[in-house]
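Here is the structure we will look at, set down as structure tokens.
Owing to the predicted nature of the structure, the values given are computational and were not obtained by experimental measurement.
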Amino acid sequence: MPHDHCESDHPHNLLPSDPELRVKALETVLVKKGLVDPAALDAIIEIYENRVGPRNGARVVAKSWCDDEFRSELLEDASSAVGKLGYSGRQGAHLVAVENSPEVHNVVVCTLCSCYPWPLLGIPPAWYKSDPYRSRMVREPRKVLKEFGLEIESGRKVRVWDSTAEIRYLVVPMRPEGTENFTESDLADWVTRDSMVGTGLPKPPASQ
């Protein structure tokens, strides 16, 4: 019979119930059928995870370092400030910017799922979505940050912000010393994705 096939061979019947596993299973099926090039898919994910998204946030941070008026607006109403730069969207609505200082280090986590400001930071990294990060960052932030290679001085407070579907956070790291004469564009190259989550610091481009 035309189109005769076993019901269990249909791709939808091969997908597990967990959303993340369903995506992976669907990807496997599409690759197996030759409909998706895994190398091209990996390249697209790399672009959005590490380049396109974080570059937007880096420009926002660099502008806040160079423009006191913009910095004040960003800290008062981040959604409005970044919207004027063209960065907006459903995953970036209700944005709050929190600024690091010598007294306070901010870090962001989503304890329920993986809420994240996509228009500014791109796709959330795997570790941000992991259960250990989501649970441990709230209980033992200094220890988790140390595992990221970031040791916070004992006299400096660590403030953990829980991102939700209603509110997402952007960490504004402190401007590195010795960059007083750098242009806004130069400074953007120093801003890393992790520094805008709070699990890292700005770095010279050559060391990233």
Side-chain angles (χ1 to χ4, degrees), residues 46-89 91-109 116-125 127-128 137 141-161 163 167-208:
E46 194 277 332
I47 287 172
Y48 279 92
E49 184 175 25
N50 296 310
R51 288 193 281 171
V52 174
R55 288 299 299 170
N56 294 343
R59 293 185 187 103
V60 170
V61 170
K63 186 172 180 63
S64 75
W65 286 344
C66 297
D67 185 335
D68 288 339
E69 185 176 342
F70 175 77
R71 173 179 165 276
S72 296
E73 183 179 0
L74 180 67
L75 296 176
E76 182 177 342
D77 187 345
S79 297
S80 174
V82 302
K84 292 177 182 178
L85 298 180
Y87 307 134
S88 61
Q91 299 291 338
H94 310 297
L95 180 70
V96 172
V98 290
E99 186 178 38
N100 284 350
S101 70
E103 294 75 35
V104 178
H105 179 85
N106 297 284
V107 63
V108 181
V109 65
Y116 195 75
W118 285 45
L120 293 180
L121 301 187
I123 300 172
W127 56 259
Y128 184 84
M137 183 56 80
R142 291 180 184 275
K143 186 173 181 179
V144 175
L145 290 175
K146 189 173 182 179
E147 292 170 11
F148 274 89
L150 182 59
E151 189 158 7
I152 305 299
E153 309 92 312
S154 59
R156 191 178 181 196
K157 182 178 181 180
V158 176
R159 183 172 294 159
V160 180
W161 300 87
S163 186
I167 301 178
R168 289 172 168 79
Y169 295 93
L170 171 73
V171 174
V172 180
M174 291 191 296
R175 180 171 178 166
E177 295 181 1
T179 62
E180 293 77 16
N181 296 322
F182 285 21
T183 66
E184 190 175 308
S185 178
D186 291 336
L187 288 168
D189 291 335
W190 282 62
V191 183
T192 64
R193 177 199 61 196
D194 289 3
S195 73
M196 294 181 282
V197 178
T199 55
L201 299 175
K203 297 179 180 178
S207 66
Q208 293 184 32

- prompt: Going through the distances and angles, do F182 and W65 end up as a side chain to side chain contact (heavy atoms under 4.5 Å, CB included)?
  reply: CA-CA 10 Å; F182 285 21; W65 286 344; over 6 Å; no
- request: Show your reasoning for whether salt bridge (charged side-chain N to carboxylate O under 4.0 Å, His left out) applies to R55 and D189.
  value: CA-CA 8 Å; R55 288 299 299 170; D189 291 335; 3.2 Å; yes
message: Is there a side chain to side chain contact (heavy atoms under 4.5 Å, CB included) between Y128 and L121? Walk through the geometry before answering.
response: CA-CA 12 Å; Y128 184 84; L121 301 187; over 6 Å; no
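Contact of the L120 side chain with the M196 side chain is not registered, since no non-hydrogen atoms from C-beta on lie closer than 4.5 Å. The shortest side-chain heavy-atom distance between I123 and W118 falls under the 4.5 Å cut-off. Residues R71 and L75 form a side-chain contact, since some pair of their non-hydrogen atoms from C-beta on lies under 4.5 Å apart.
Checking side-chain atoms of S79 against main-chain N and O of H94 turns up a donor-acceptor pair under 3.5 Å. Between the R156 side chain and the S101 main chain, a donor and an acceptor come within less than 3.5 Å of each other. The backbone N or O of E99 lies less than 3.5 Å from a partner atom in the side chain of N106, making a donor-acceptor pair.
Between V160 and the choices V108, V109, V144, the side-chain contact (heavy atoms from CB on, under 4.5 Å) rule is met once, by V109.
For Y116 against S163, the heavy-atom pair with the smallest separation is N-OG, 4.3 Å. Here the closest heavy-atom approach between residue T179 and residue R175 is recorded as O-NH2, 2.6 Å. Minimum interatomic distance between A62 and A188 (heavy atoms only, all atoms of both residues): CB-N, 3.6 Å. When all heavy atoms are compared, the tightest approach of L187 to C66 is CD1-SG, 3.4 Å. Pairing each heavy atom of P125 with each of R193, the nearest pair is CB-NH1, 3.6 Å.
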Kindly list each side-chain donor-acceptor pair under 3.5 angstrom involving residues 146-154, sequence neighbours excluded, with atom names and distances?
unit_1 : atom_1 : unit_2 : atom_2 : d
E147   : OE1    : R136   : NH1    : 3.0
E147   : OE2    : R136   : NH2    : 2.8

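Taking A78 as the reference, L74, L95, A97 meet the side-chain contact (heavy atoms from CB on, under 4.5 Å) condition, with sequence neighbours excluded.
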